[in-house]
**Student:** 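Please find one structure pasted underneath; my questions will follow.
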Amino acid sequence: MSANAQMATKYKNSFLKEVEEQVEMGEWVKMCMQCGVCSGSCPTNFHPGWEHPPQEIFMMIRAGKREEVLTSPSMWMCTSCYNCIVRCPRKLPITHIMHGLANYAHRLGVAPKMQPTRHFAKLFWNNCVHTGRVNELKLSMGLYFKDGFSQGIKNGMAMKDVALGLLKAKRLNPFELFGGHKCKDQNGIHAMLKKARELEEKRKALKAAA
Ligand code: SF4
Ligand code: SF4
């Protein structure tokens, strides 16, 4: 092995390697040149829950800060607006990496439990994956009642004017609670998701073996 290759191996941080193997598009992290354009372009970076903008997350990965990254609420704040991707001079797929990191933290069971956007993501996924269509009424109810029955009633009462307006405009159908829209080929959706999971497992195995 050449001296340069030995140096590269020596300094290859194990968390960066883990991200490259386990996180969707994680192999792109090393391409970040820390210019900060993504952080400056992110519309949610003023939010108090946005602890570490993408540029900082990528720097922390390269610095081996595994626990800080995986337990950070920041990845769960990404709204997939794609501003960062459009403007990144290195063309990093930042949005995908952020969601990939969130998904990896979730798989490991270390993602912040009280993060409301994480709760929403779980509700949304469970809601739509079953029938292939989102049932908005069930999704809203799940969010209202996430902190218990009495808080759910309070949340519902606080939003009653909005609900009445939606009912009047025929944008809300209470019968959706008992069914709602479904994708015509639900078995096809489930088969597609199963295949996607298999492909993802294969991709990770190939990366780990490389
Ligand atoms: S814009 Fe791209 S290169 Fe610049 S800090 Fe963000 S990810 Fe890195
Ligand atoms: S895609 Fe996510 S990380 Fe990128 S600018 Fe939008 S909110 Fe920020």
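Whatever order the structure lists them in is the order used to number ligands and atoms, beginning at 1. Keep in mind it's a predicted model, so treat the numbers as computed, not measured.
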**Student:** Quick check on contacts: which atoms of ligand 2 are under 4.0 angstrom from a heavy atom of C81?
**Tutor:** 1 (S), 5 (S), 6 (Fe), 7 (S)

**Student:** How about M33: does its CE atom have over 12 heavy atoms from other parts shown lying under 6.0 Å from it?
**Tutor:** yes

**Student:** Does E136 have more than 12 heavy atoms from other residues, nucleotides or ligands lying within 6.0 Å of its CD?
**Tutor:**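 No - once you tally the heavy atoms of other residues, nucleotides and ligands closer than 6.0 Å, there are 12 at most.
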
**Student:** Where's the contact between P89 and ligand 1, heavy-atom distance under 4.0 Å: side chain, backbone, both or neither?
**Tutor:**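 Answer for P89: side chain.
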
**Student:** Count the heavy atoms of every other residue, nucleotide or ligand shown that sit under 6.0 Å from CE of M141, and state whether that count exceeds 12.
**Tutor:**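 Result for CE/M141: open.
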
**Student:** Taking 4.0 angstrom as the limit and counting only heavy atoms of Y82, give me the atoms of ligand 2 inside it, by number and element.
**Tutor:**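 It comes down to these atoms of ligand 2: 1 (S), 6 (Fe).
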
**Student:** Mark up the atoms of ligand 2 that fall under 4.0 Å of a heavy atom belonging to C42, in ascending order.
**Tutor:**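 Selected atoms, number and element: 5 (S), 7 (S), 8 (Fe).
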
**Student:** If you count every heavy atom of other residues, nucleotides or ligands that lies below 6.0 Å from R62 atom CZ, does the total exceed 12?
**Tutor:**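 Enclosed: over 12 neighbouring heavy atoms sit under 6.0 Å from CZ of R62.
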
**Student:** Taking the side chain as every heavy atom from C-beta outward, state whether S39 and E56 have any pair of such atoms under 4.5 Å apart.
**Tutor:** no

**Student:** For the pair K17 and E20, evaluate salt bridge (charged side-chain N to carboxylate O under 4.0 Å, His left out) and give the outcome as yes or no after the intermediate values.
**Tutor:** CA-CA 5 Å; K17 190 166 182 296; E20 288 175 345; over 6 Å; no

**Student:** Please identify which atoms of ligand 1 are closer than 4.0 Å to at least one heavy atom of Q34.
**Tutor:**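 Selected atoms, number and element: 5 (S), 8 (Fe).
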
**Student:** For ligand 1, which atoms sit closer than 4.0 Å to a heavy atom of Q55?
**Tutor:**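 Counting atoms of ligand 1 from 1, those under 4.0 Å from Q55 are 5 (S).
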
**Student:** Which ligand 1 atoms does M33 reach within 4.0 Å, using its non-hydrogen atoms?
**Tutor:**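 By the 4.0 Å cutoff, the relevant atoms are 3 (S), 8 (Fe).
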
**Student:** Against heavy atoms of G36, which atoms of ligand 1 measure under 4.0 Å?
**Tutor:** 4 (Fe), 5 (S)

**Student:** Look at atom 7 (S) of ligand 1 and say which protein heavy atom is nearest, naming residue and atom and giving the distance to 0.1 Å.
**Tutor:**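 Atom 7 (S) of ligand 1 sits closest to the protein heavy atom I94 CD1, 3.6 Å.
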
**Student:** With a cut-off of 4.0 Å, which atoms of ligand 2 are near a heavy atom of N83?
**Tutor:**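 The list of qualifying atoms is 5 (S).
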
**Student:** So C81 and P43, do their side chains get closer than 4.5 Å, heavy atoms only?
**Tutor:**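 Yes, side chains in contact.
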
**Student:** Nearest protein heavy-atom contact for atom 8 (Fe) of ligand 1: which residue, which atom, what distance?
**Tutor:**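 The answer is C32 SG, 2.4 Å.
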
**Student:** Between R87 and ligand 1, find which residue part has any heavy-atom pair under 4.0 Å and reply side chain, backbone, both or neither.
**Tutor:** neither

**Student:** So is C38 touching ligand 2 or not, going by heavy atoms under 4.0 Å?
**Tutor:** no

**Student:** Is atom NZ of K138 surrounded by more than 12 heavy atoms (other residues, nucleotides or ligands) closer than 6.0 Å?
**Tutor:** yes

**Student:** List the closest protein heavy-atom neighbour of atom 4 (Fe) of ligand 2: residue, atom name, distance to the nearest 0.1 Å.
**Tutor:** C84 SG, 2.2 Å

**Student:** Short check: any N/O/S atom of C35 below 2.8 Å from atom 4 (Fe) of ligand 1?
**Tutor:** yes

**Student:** For atom 2 (Fe) of ligand 2, what is the nearest protein heavy atom, given as residue, atom name and distance?
**Tutor:**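 The protein heavy atom lying closest is C78 SG, 2.3 Å.
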
**Student:** Which of the atoms in ligand 1, numbered in the order shown and given with their element, are less than 4.0 Å from a heavy-atom of F58?
**Tutor:**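 It comes down to these atoms of ligand 1: 7 (S).
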
**Student:** I'd like the name of whichever of P54, G40, S39 reaches closest to atom 3 (S) of ligand 2 through any heavy atom.
**Tutor:**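 Nearest heavy atom to atom 3 (S) of ligand 2 lies in P54.
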
**Student:** Is there a heavy atom of T79 sitting under 4.0 angstrom from any atom of ligand 2?
**Tutor:** yes

**Student:** Please check if atom CZ in R107 has more than 12 non-hydrogen atoms from other residues, nucleotides or ligands closer than 6.0 Å.
**Tutor:**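 Check passes, neighbour count above 12.
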
**Student:** Would you mind telling me if ligand 2 is within reach of the side chain of P43, the backbone, both or neither, using heavy atoms under 4.0 Å?
**Tutor:** side chain

**Student:** Any heavy-atom pair between the side chains of P174 and L167 that's under 4.5 Å?
**Tutor:**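 The answer is yes; the side chains approach within 4.5 Å.
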
**Student:** More than 12 foreign heavy atoms under 6.0 Å from CD of E67: is that the case here?
**Tutor:** no

**Student:** Can you tell me if NE2 on H190 sees more than 12 non-hydrogen neighbours from other groups inside 6.0 Å?
**Tutor:** yes

